[in-house]
Amino acid sequence: MSEVFMADAILKELSIKESPLTKVDELLKRIGIDEIVEKGDMVAIKMHLGSKGGFRIVRPPFIRKVVEAVKEVGGKPFVTDTCRPPSLDYLEIANMQGINYLSVGAPVIIADGIKGEDYRLIKVNGLVLKEVKVASAIADADAMIVVTHAKGHRMASYGGALKNLGMGCVCSSEKKLIHSVLGGGIPEWHPERCELCGNCVSSCDHGAVRIEEGRVIIDEDKCVRCYRCVWTCPTRALSWPKRGIDKFLMALVDAAAAVISTFEKGKIGYLNFVMDVTFACDCTPWSTIPIVPDQGILASRDIVAIEKASLDLINEAQGIPGQAGPGGRIRVMNKGENKFMRIYGIDPYLQVKYAEQLRLGSSEYRLVRI
Ligand code: SF4
Ligand code: SF4
């Protein structure tokens, strides 16, 4: 049984020592940061750097705490993510979100290079994939602290640490492949609902959408299947392609396994922020209110255990009234509900199941509140 440590968002007393921010240090000590990071190690601090309109990524002070903890044990940290928009644009977004050298105390770099195609080809005996293009700066790092904002996701149902690795640590063409393994392709356009407003064109970071002679045209080669345009279409004139979700989730977990395999055993630590748990992911060009109250920060050396514990906490919590799903369809969810299952119709625990099948960890865990 694996241990998952937790700094509760509800403070026992109103003091600095009880603040979850203060407790990041203790959480990292509990999972043995001095074993994960050795003196001189280059340490990737993997996070999601956000999007143009969103604002609920893990906040800069928490990242700074992780950077300081890595430095304290002799590591050389860098904060990183892979190209979503192309690298230079993405660094501008990171800066706008408050993630830069001055705020976090470490260089912020894009792990798959300026065009998203710097990678190492890694063999994996996965459920679907046999090789994965892992971003070079991740594959070359000596150790990694995976900092994850736990939230929902339109295709994966849940976006946690597995997704942070499986999608967030691979290069652009691999992202596209994993999305297309889902059986779908580019978004589908429904002309009868289209008002030619152009939102889809301006929301696409990859220049894949154009309007020509009254038609919305999506360039299949440029489209990375991020589906931002689907989210931003005001009239639902764009929709997700029909898909075989199981294969997509398997590919996602396979890719996470490939990323993990580039590190020696015991060189990765995980922090899951079960805070600001929105129904949609950090790629969307907006952020909504959370669907449950903040639970706290979880830490573990076991990715399966921490994912299971995060989902269990979300599901055991009473929902917050407001906006708990696309289109205002769901207003509030109750204690005990499998919330992402209700929102997306996809069981979020499938990721946990596949990761356990690949022996990435154990779903049996003991939650230790610090
Ligand atoms: S955002 Fe929707 S309505 Fe506007 S042009 Fe694109 S498809 Fe048409
Ligand atoms: S899914 Fe839409 S927004 Fe994303 S790359 Fe393709 S066309 Fe652009």
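Note that ligands are numbered from 1 as they come in the structure, with each ligand's atoms numbered from 1 the same way. This is a predicted model, so every value here is computed, not measured.
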Which of the atoms of ligand 2 are close to P187, meaning less than 4.0 Å from one of its heavy atoms?
1 (S)
Among all protein heavy atoms, pick out the one at the shortest distance from atom 6 (Fe) of ligand 1; state its residue, atom name and that distance to 0.1 Å.
C200 SG, 2.3 Å
Proximity to ligand 2 by part of S203, non-hydrogen separation under 4.0 Å
neither
Can you tell me which residue and heavy atom of the protein come closest to atom 1 (S) of ligand 2, and the distance to 0.1 Å?
Y227 N, 3.1 Å
Among all the protein's non-hydrogen atoms, which is closest to atom 7 (S) of ligand 2, and how far away is it?
V209 CG2, 3.4 Å
Which ligand 1 atoms does T235 reach within 4.0 Å, using its non-hydrogen atoms?
3 (S)
If you count the non-hydrogen atoms of other residues, nucleotides and ligands that lie under 6.0 Å from CZ in R215, is the total more than 12?
no
ILVMFWY network linking L165 to V79, side-chain heavy atoms under 4.5 angstrom
no
Could you find the nearest protein heavy atom to atom 2 (Fe) of ligand 1 and give me its residue, atom name and distance?
C233 SG, 2.4 Å
Will you find, in the side chains of D302 and Y365, an N or O donor that is under 3.5 Å from an N or O acceptor?
no
Under a 4.0 Å N-O cut-off, is there an ion pair linking E3 with R301?
no
Starting from atom 8 (Fe) of ligand 2, find the nearest protein heavy-atom neighbour and note its residue, name and distance.
C204 SG, 2.4 Å
Identify, by atom number and element, the atoms of ligand 1 in contact range of G198, meaning under 4.0 Å from any of its heavy atoms.
4 (Fe), 5 (S)
Please determine, by modelled atom types, if E356 and S363 share a side-chain donor-acceptor pair under 3.5 angstrom.
yes
Is the contact between L196 and ligand 1 made by the side chain, the backbone, both, or neither, using heavy atoms and a 4.0 Å cut-off?
backbone
Looking only at non-hydrogen atoms, find the nearest pair between M167 and F248 and report the distance.
CE-CE1, 3.9 Å
Under 30°, 30 to 60°, or over 60°: which ring-plane class applies to Y344 and F279, parallel, tilted or perpendicular?
tilted
Do other residues, nucleotides or ligands put more than 12 heavy atoms under 6.0 Å from the NZ atom of K265?
no
Just which atoms of ligand 1 are under 4.0 Å from any heavy atom in L238?
7 (S)
Only heavy atoms of C223, strictly under 4.0 Å: list the atoms of ligand 2 that pass.
1 (S), 5 (S), 6 (Fe), 7 (S)
I need the minimum non-hydrogen distance between D254 and L129, along with the two atoms involved.
OD2-N, 2.7 Å
For atom 4 (Fe) of ligand 2, the closest protein heavy atom turns out to be C226 SG, 2.4 Å
Under 4.0 angstrom from ligand 2, any heavy atom of V224?
yes
For the residue pair E307 and Y270, confirm or rule out a side-chain donor-acceptor distance under 3.5 Å.
no
Would you mind listing which atoms of ligand 1 come within a distance below 4.0 Å of any non-hydrogen atom of C194?
3 (S), 5 (S), 7 (S), 8 (Fe)
